[in-house]
Amino acid sequence: MTTVATDTLVALGRRTISMNYAPAPVVLERGQGARVWDTEGREYIDLLAGIAVSVVGHAHPRLVAALQDQVSKLLHVSNGFFTEPQVLLMEALTRLSFASRVYFGNSGAEANEAAIKLARRYQRVVRGTPRFEVISFVHGFHGRTYGALSATAQPKYHAGFEPMVPGFVPATFGDLGSVEARIGPHTAAILVEPVQGEGGVVPAPDGFLAGLRELCDRHGILLIFDEVQTGCGRTGRWFGYEHAGVAPDIMTLAKGIAGGVPLGVMLATEEVSAGFTRGSHASTFGGNPLATRAGLEVIRIVEEDGLVARGAELGERLRSGLSGLAGRFPIAAVRGLGAMTGAELAASPEQTAQVIAAARERGLLLNLAGSTVLRFVPPLVAADVDVDSGLERLEGALGSVFG
Ligand SMILES: *Cc1c(COP(=O)(O)O)cnc(C)c1O
């Protein structure tokens, strides 16, 4: 129970929230696993997980206990000191990935800022080249700060915020020729999502990431994978790059990595990391004991409970259910990788938004990617029944819009 009536909270929220947001008229109060409840006691199946964040679900007892313990001991210290959760999380991330150095920030955008800054610094300071340009991809998404936004080659996110930061060059996702055509003497790095998430859940075509690796090696360019959405077991591997059989030089993580506590991570090889000389970059909150304790516990839970494989199973179940609905409703394509799924509707953006609202009214949370893609990024702990009941509720929602 809240102390203030739901209608009052919604009205007050609508009057005071920054106008870039337009929340549904729902006040969420608590969660358990893949379910959440609002202040009116209505239950929702959460196949969105706070946009690929709550990988171990809501109120996971181990995460709750770890955070309570950490809060009671030490909440924050500066990066002038080590803490145990910070060091153990860096150890875990370097053990699980290609990388040997770890930088912590507080969000995906910040992790990408760090990656872009490191790429430029490495080219300039370590290699002594004049390279500063970053090639990124149309329909990609890298965050809303100016550097990350400039790398996000989607005009709708730039409108009215220009001028963008110079030095970002858009290429076509999946088209190696378009990348090669944009490589020049100033190219410092290529920044790419292994599966474009916000752009509509579009996995890189076979061979594309390996082809980028080859181009980078040939031209002395760094390869940066933005795994803010695809990392932490989301795609059925710990990191999306593992599907491609090649590793990047720099990788960014955020969303799922600390199960809902804000944490961004930028990982790099030993050599590239040398671009960040002492004092060249920093974050006050980045890597604080609370956030890193959360990250460490999430990794332990995912490893010990086999959640990477579990997530892949969930995704298969969901995609086969969605394909089953495609015969009766205008679902043009069902795609994804592991526990990351998109269902593209052959419908208008308005109808797609109506499906999402109708699903919510029936107790199912999902959201929009691209303009007509329903996105499902469930907690990796979801039960089969969560997926099956979610599909039933979706069927009702599709029927109400297209029936
Ligand atoms: C969500 C997302 C970001 C931005 O993360 P924030 O935490 O919102 O700054 C960056 N890159 C990708 C691939 C994302 O999905």
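A side-chain donor-acceptor contact under 3.5 Å links Asn106 and Ser283. In this model, no donor atom of one side chain and acceptor atom of the other lie less than 3.5 Å apart for Arg144 and Thr152. Checking Asp249 against Thr269 by side-chain atom types alone, no donor-acceptor pair falls below 3.5 Å. Under the 3.5 Å distance criterion, with hydrogens and angles disregarded, no donor-acceptor pair is assigned to the side chains of Glu270 and Ser273.
One finds no salt bridge joining Arg300 and Glu303 here, because no Lys/Arg side-chain nitrogen approaches an Asp/Glu carboxylate oxygen to under 4.0 Å. Here Arg101 does not pair with Glu271 in a salt bridge; the nearest charged N to carboxylate O distance is not below 4.0 Å. At a threshold of 4.0 Å, the pair Arg360-Asp38 does not count as salt-bridged, since none of the basic side-chain nitrogens sits closer than that to a carboxylate oxygen. A salt bridge is defined here as a Lys NZ or Arg NE, NH1 or NH2 lying under 4.0 Å from an Asp or Glu carboxylate O, and Glu214 with Arg218 meets this definition. Using a 4.0 Å cut-off between a side-chain N of Lys or Arg and a carboxylate O of Asp or Glu, Glu227 and Lys255 do not qualify as a salt bridge. Electrostatic pairing of Glu43 and Arg393 counts as a salt bridge here, judged by a charged N lying under 4.0 Å from a carboxylate O.
Ile257 pairs with exactly one of Val298, Val228, Leu93, Val55 by the side chain to side chain contact (heavy atoms under 4.5 Å, CB included) rule, that one being Leu93. Of the candidates Ile356, Leu366, Ile51, Arg375 forms a side chain to side chain contact (heavy atoms under 4.5 Å, CB included) with just one, namely Ile51.
More than 12 heavy atoms of other residues, nucleotides or ligands lie within 6.0 Å of CZ in Arg35, so this atom counts as buried by the packing criterion. Within a 6.0 Å radius of OH in Tyr146, other residues, nucleotides and ligands contribute more than 12 heavy atoms. His281 NE2: more than 12 foreign heavy atoms inside a 6.0 Å radius. Crowding of Asp388 atom CG: a count of heavy atoms from other residues, nucleotides or ligands under 6.0 Å exceeding 12.
The two atoms that bring Ala189 and Ile224 nearest to each other are CB-CD1, 3.7 Å, heavy atoms only. Shortest non-hydrogen contact noted between Leu209 and Val192 is CD2-CG1, 4.0 Å. Here the closest heavy-atom approach between residue Ala358 and residue Val401 is recorded as CB-CG2, 4.5 Å. Of all the heavy atoms in Gln123 and Ile221, the pair that sits closest is NE2-CA, 4.1 Å. The shortest heavy-atom contact between Pro166 and Arg120 is O-NH2, 3.1 Å. When all heavy atoms of Ala59 and Gly31 are compared, the pair lying nearest together is CB-O, 3.4 Å.
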Side chains of residues 333-343: which donor-acceptor partners sit under 3.5 Å, not counting sequence neighbours?
residue	atom	partner	partner atom	Å
Arg335	NE	Gly200	O	3.4
Arg335	NE	Val201	O	2.8
Arg335	NH1	Glu344	OE1	2.8
Arg335	NH2	Gly200	O	2.9
Arg335	NH2	Glu344	OE1	3.1
Thr341	OG1	Arg319	NH1	2.8

Check your understanding: Given the rule in the side-chain hydrogen bond (donor to acceptor under 3.5 Å, both in side chains) test, do Thr6 and Thr39 qualify, once you have shown the distances and angles that lead to the verdict?
Key -> CA-CA 7 Å; Thr6 301; Thr39 46; 2.7 Å; yes
Check your understanding: Does the pair Leu290 and Val71 meet the rule for a side chain to side chain contact (heavy atoms under 4.5 Å, CB included), with working shown?
Key -> CA-CA 7 Å; Leu290 181 74; Val71 166; 3.6 Å; yes
Practice item. Could you please spell out the steps behind the side-chain hydrogen bond (donor to acceptor under 3.5 Å, both in side chains) verdict for Thr187 and His219? Key: CA-CA 9 Å; Thr187 310; His219 295 278; over 6 Å; no
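Glu198 places no side-chain N or O within 3.5 Å of a backbone atom of Gly140 that could act as its donor or acceptor partner. Checked by atom type and distance alone, the side chain of Ser136 pairs as donor or acceptor with a backbone atom of Ala151 at under 3.5 Å. Remark: side-chain polar atoms of His158 are paired, donor with acceptor, to backbone N or O of Leu149 under 3.5 angstrom. Of the possible donor and acceptor atoms, one in the side chain of His60 sits under 3.5 Å from a partner among the backbone N and O of Arg62. A donor-acceptor pair is defined here as one N or O able to donate and one able to accept, closer than 3.5 Å; no such pair exists between the side chain of Glu297 and the backbone of Ala294. Here the side chain of Glu193 pairs no donor or acceptor atom with the backbone of Thr230 at under 3.5 angstrom. Using a distance-only test at 3.5 Å, with no hydrogens or angles considered, a donor-acceptor pair links the side chain of Ser389 to the main chain of Val385. Checking side-chain atoms of Ser54 against main-chain N and O of Gly57 turns up no donor-acceptor pair under 3.5 Å. Between the side chain of Glu91 and the backbone N or O of Leu89 there is no donor-acceptor pair closer than 3.5 Å. Without hydrogens or angle criteria, Asp386 side chain to Ala383 main chain gives a donor-acceptor distance under 3.5 Å.
With contacts defined as side-chain heavy-atom distances shorter than 4.5 Å, the pair Phe225/Leu191 does not qualify. The shortest side-chain heavy-atom distance between Ile190 and Val179 falls under the 4.5 Å cut-off. Contact check for Phe141 versus Gln229: no side-chain heavy atoms found under the 4.5 Å cut-off. With a 4.5 Å cut-off on side-chain heavy atoms, Phe402 and Pro330 count as touching. Counting heavy atoms from C-beta outward, Phe376 and Leu394 have side chains that approach closer than 4.5 Å. Here the side chains of Leu345 and Ile331 are in contact, with some heavy-atom distance below 4.5 Å. For the pair Leu364/Tyr44, no side-chain contact is recorded, criterion being any heavy-atom separation below 4.5 Å from C-beta on. Within the 4.5 Å cutoff, no side-chain heavy atoms of Ile250 are placed close to those of Leu267.
To the nearest 0.5 Å, atom CG of residue Leu314 and atom CG of residue Leu318 are 8.0 Å apart. Between atom CG of residue Leu296 and atom CG of residue Leu263 there is a gap of 11.0 Å, rounded to the nearest 0.5 Å.
In this structure, Phe98 has its ring center closer than 6.0 angstrom to the ring center of Tyr241. Note: Phe276 and Tyr122 fail the aromatic proximity criterion, with ring centroids not under 6.0 Å apart.
Sorted by first then second residue, the ring-ring contact (aromatic ring centres under 6.0 Å, His included) pairs that include residues 170-205, not counting sequence neighbours, are Phe132-His186, Phe173-Phe208.
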